Amino acid sequence: MPGKPKFYLTTPIYYTNGLPHIGHTYTTVVADTIRRYKRMRGYEVVMTTGTDEHGVNVERAAKKAGIPESEFVAKMAAEWRALWEELGLGADEFVRTTDLPHVRTVQWLFRLCRENGYVYKGNYTGQYCIYDNAFVNDAKPGDNCPDCGRPTETITEENYFFKLSAFQRPLLDFYKKNPDFIQPESRRNEIVSFVEGGLKDLSITRTTIRWGIPVPGEEPHVFYVWFDALTAYLSAVGGPEFEKRGMWPADLHLVGKDIIRFHTVYWPAFLMAAMLPVPKQVWAHGWFLMDATKMSKSKGNVVLPRPIANMLGMDALRYFLLREVVFGQDGNFSYDALVTRYNSDLANGLGNLASRTAALIEKNFGGKIPKATECKPQDEALAKEVQAAIGEVLENYENLSFARALEAIWGVVASADKYLTTEQPWALGNSEKDQARKATVLWNAAELLRIVTVLAHPVLPASTAKVWTLLGLPGSVASVELDGLQWGQPAPGKQLGPAQPLFPRVDKNEAIERIEAMANEELNPAPPAKPAVSATPAGAAAAPQTAPEKIGIDDFAKVEMRVGQIKTAERIVGADKLLKLTVDIGTEIRQICAGIAQYYDPEKLIGRKVAVVVNLAPRKLRGVESNGMIIAAAVGPEGRPVLAGFPDEDVEVGARLK
RNA sequence: GCCGGCGUAGCUCAGUGGCAGAGCGAGGGUCUCAUAAUCCCUAGGCCGUGGGUUCGAUUCCCCCCGCCGGCACCA
């Protein structure tokens, strides 16, 4: 017996540095929609999600909470899993990176890479961003992380390296042979040019971190978080015994655009090194922006899924996320747009159509779907339109063009409204001819509604199930096979189920207020009685800035800062951010580079007195020697530099700051 | 600085070498089966600016302006 075709897809293994927000929800909604769609197309589908639980962040958060790491992450994982279940997004496999089978898979993958000669031991010194769990290439001590803007830390350690450099050619060949591997295409081009620019070997173990998967026989080495987390996709479906289950290689990794490189460069390289099959496709979607800026905790514009689901229903959120933007691009999120879509598309559109159709059948035929006995040109036109829409919708689902698929479905909904308005079944009398016409029109309306229900089911699982029941149809809508879907299948005579409100219309302002109030409550829970337990995951997430380590006066005395006066300033060709300055520090005139070109005009700086670190080792930036450092505050999320200065009182050039 | 994308009706966006489109919002009208829903009509928009190719460009090419993304870079 030939088995069903298989389809394996994943969301990222989310890092547990807070609770899921709309961004995580978006990825998972997409994954869930694809899963439902593929099942309706006859596939055996496995969808994996999970929690990434290792690393310095977790170590610190647990310490802060005063509980062991294992306890901390268990709590986190439980919360994530529970929320996904609550939202109807529970995956088939939920991997925790602390699960034993996963630990074994990571160790096994490492062994394979090593046996094949792609692992060696070396020393690494670099700047590390503990929040992003990544070394920042070429960053200097004191630099901020280019991604998140937080300070980096200098880390030197002996560790194992992965010969990523050996995979430049194989990866480029692979991208060429599999042009659809990276989607959308714009991302693919970016990655190709990144890889063409050369790949450096990658450090994949750490000795400075305790909370991680141990490298067998090489303690205290633990695995680098990405080597660990990416492997979860494989451990979810069998790990070393992946062949038994037959789900690997994955058909689709869904990721946010911020982590595409890990999935399209590192991950396939690891697998190639281990001689394992490489996933078939990685899809990078965009972000939902709030007022066109990236959502972030520090800006206080985090959108949570639960309040929306409570107010409008999870289907409404799913619909909005998939309908509002072209998949792959960034989009704007606003409660206003959400509620507007809800009222116009769901309440006035689909909800109202279901309601009026059911009411007409109820009143005219006692709730029994009548039999169509005629086929006028307008009836045939309607059927043809629906038939065409079926093809269009399926094609768009297949390409993950959710917005277009939904657009096509809603085009059919509009046609149904128009059809009913034109045919006016309520105005027909009781003559035999009128009865036949009435029956035909209502049968057509019901049939259209059935097809719409099937087509919309992957996106609106809960509400389409309600319509299915309303139409008195057998089985569940989820079990309908999309490949056989066509106009004219159901037998008449079905008794309608009880009418249910699908999408009750809401007052926009009131709805927004209620959602915001619920979100507020979730983000800022009333302080618990005992502060000792306040360091819950949510609390840890809300405090991304860890207190810096304390230093003694002696340490501070090592830094020699003096008042300097800028003598000349010019831009450096080929560098957006750098200015070349000459600065009088009393004893001499120094050349210093400063990354402030985007915010300060060179001409206006001349004569200005600034604070300068004068005993910093010289280094070259963009080929220009820099002999010291100008002190500036980093303001706002983008770290805009604001020069430290002495505006109120005049100071002597060369005076020491202490 | 290098590479790429974008700039079309109030908003979100489609689109094609030859009379400029959709959805939403707004205004007017209509029906009453329906969730004050539906349906019909209404936006006269220099299709970013300036050139070029062409019988003809919003659509092809070049410059410029603005916005965005990737890389580099940010002591």
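In what follows, chains carry the letters A, B, and so on, assigned in the order in which the sequence lines appear, proteins first and then strands, with residues in each chain numbered from 1. In what follows, every heavy atom counts, from backbone to side chain, and hydrogens, waters and symmetry copies are set aside. Remember, it's a predicted structure, so these values are computed and weren't measured experimentally.
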How far does [atom1] of [X] sit from [atom2] of [Y], to the nearest 0.5 angstrom?
| X | Y | atom1 | atom2 | result |
| --- | --- | --- | --- | --- |
| A/Y319 | A/E324 | OH | CD | 9.0 Å |
| A/L455 | A/E392 | CG | CD | 10.5 Å |
| A/H253 | A/W283 | NE2 | CH2 | 15.5 Å |
| A/E407 | A/I409 | CD | CD1 | 11.0 Å |

*Give the nucleotide from the list B/rC39, B/rU35, B/rG70 with an atom nearest to the side chain of A/R187.*
B/rG70
*Which one, B/rC71, B/rC24, B/rA34, comes nearest to the side chain of A/S344?*
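So the nucleotide nearest the side chain must be B/rC24.
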Separation of the [atom1] atoms in [N] and [M], to the nearest angstrom:
| N | M | atom1 | result |
| --- | --- | --- | --- |
| B/rU12 | B/rU54 | P | 38 Å |
| B/rA57 | B/rC24 | P | 34 Å |
| B/rU16 | B/rC3 | C1' | 28 Å |
| B/rU8 | B/rU58 | P | 15 Å |
| B/rG28 | B/rC33 | C1' | 25 Å |
| B/rC47 | B/rA9 | P | 10 Å |
| B/rC31 | B/rU38 | C1' | 8 Å |
| B/rG44 | B/rC68 | P | 31 Å |

Measure the distance from [atom1] on [X] to [atom2] on [N] and round it to the nearest whole Å.
| X | N | atom1 | atom2 | answer |
| --- | --- | --- | --- | --- |
| A/W426 | B/rU32 | CH2 | C1' | 7 Å |
| A/W287 | B/rC68 | CH2 | C1' | 12 Å |
| A/W410 | B/rC24 | CH2 | P | 13 Å |
| A/K200 | B/rC71 | NZ | P | 13 Å |
| A/F503 | B/rA34 | CZ | P | 20 Å |
| A/K257 | B/rC71 | NZ | C1' | 15 Å |
| A/D345 | B/rG23 | CG | P | 12 Å |
| A/D330 | B/rC13 | CG | C1' | 15 Å |

Using a heavy-atom cut-off of 4.0 Å across all strands, would you classify [X] as base, sugar-phosphate, or nothing?
| X | answer |
| --- | --- |
| A/L502 | base |
| A/G197 | nothing |
| A/R188 | nothing |
| A/A359 | sugar-phosphate |
| A/S355 | base |
| A/N348 | sugar-phosphate |

Does [N] have OP1 or OP2 sitting under 4.0 Å from an N or O in the side chain of [X]?
| X | N | result |
| --- | --- | --- |
| A/R505 | B/rA37 | yes |
| A/R261 | B/rC71 | yes |
| A/K363 | B/rA34 | yes |

*Could you verify whether a donor N or O on one side chain and an acceptor N or O on the other, from A/T340 and A/K508, lie under 3.5 Å apart?*
yes
*Would you check if there is a donor-acceptor pair between the side chains of A/T582 and A/Q591 at a distance under 3.5 Å?*
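No, because no side-chain N or O of A/Q591 sits under 3.5 Å from a partner of the opposite role on A/T582.
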*Can you tell me which stems involve RNA chain B, if a stem is defined as three or more consecutive Watson-Crick or G-U wobble pairs, both distances under 3.5 Å?*
B:1-7 with B:65-71, B:10-13 with B:21-24, B:26-29 with B:39-42, B:50-52 with B:60-62
*Between A/R404 and A/E190, name the one whose nearest nucleotide on RNA chain B is closer to the 5' end.*
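Between the two, 5'-proximity favours A/R404.
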*Hey, which sits more toward the 5' end of RNA chain B by its nearest nucleotide, A/P504 or A/I191?*
A/P504
_With a 4.0 Å cut-off on N to O distance, would you call A/D417 and A/R356 a salt bridge?_
yes
*Are the aromatic ring centres of A/F333 and A/W287 under 6.0 angstrom apart?*
no
In a table with atom names and distances, give each donor-acceptor pair under 3.5 Å that connects a side chain of residues 180-192 of chain A to protein atoms at least two apart or in another chain.
residue, atom, partner, partner atom, Å
A/R187, NH1, A/E190, OE1, 3.0
A/R188, NH1, A/Y175, O, 2.9

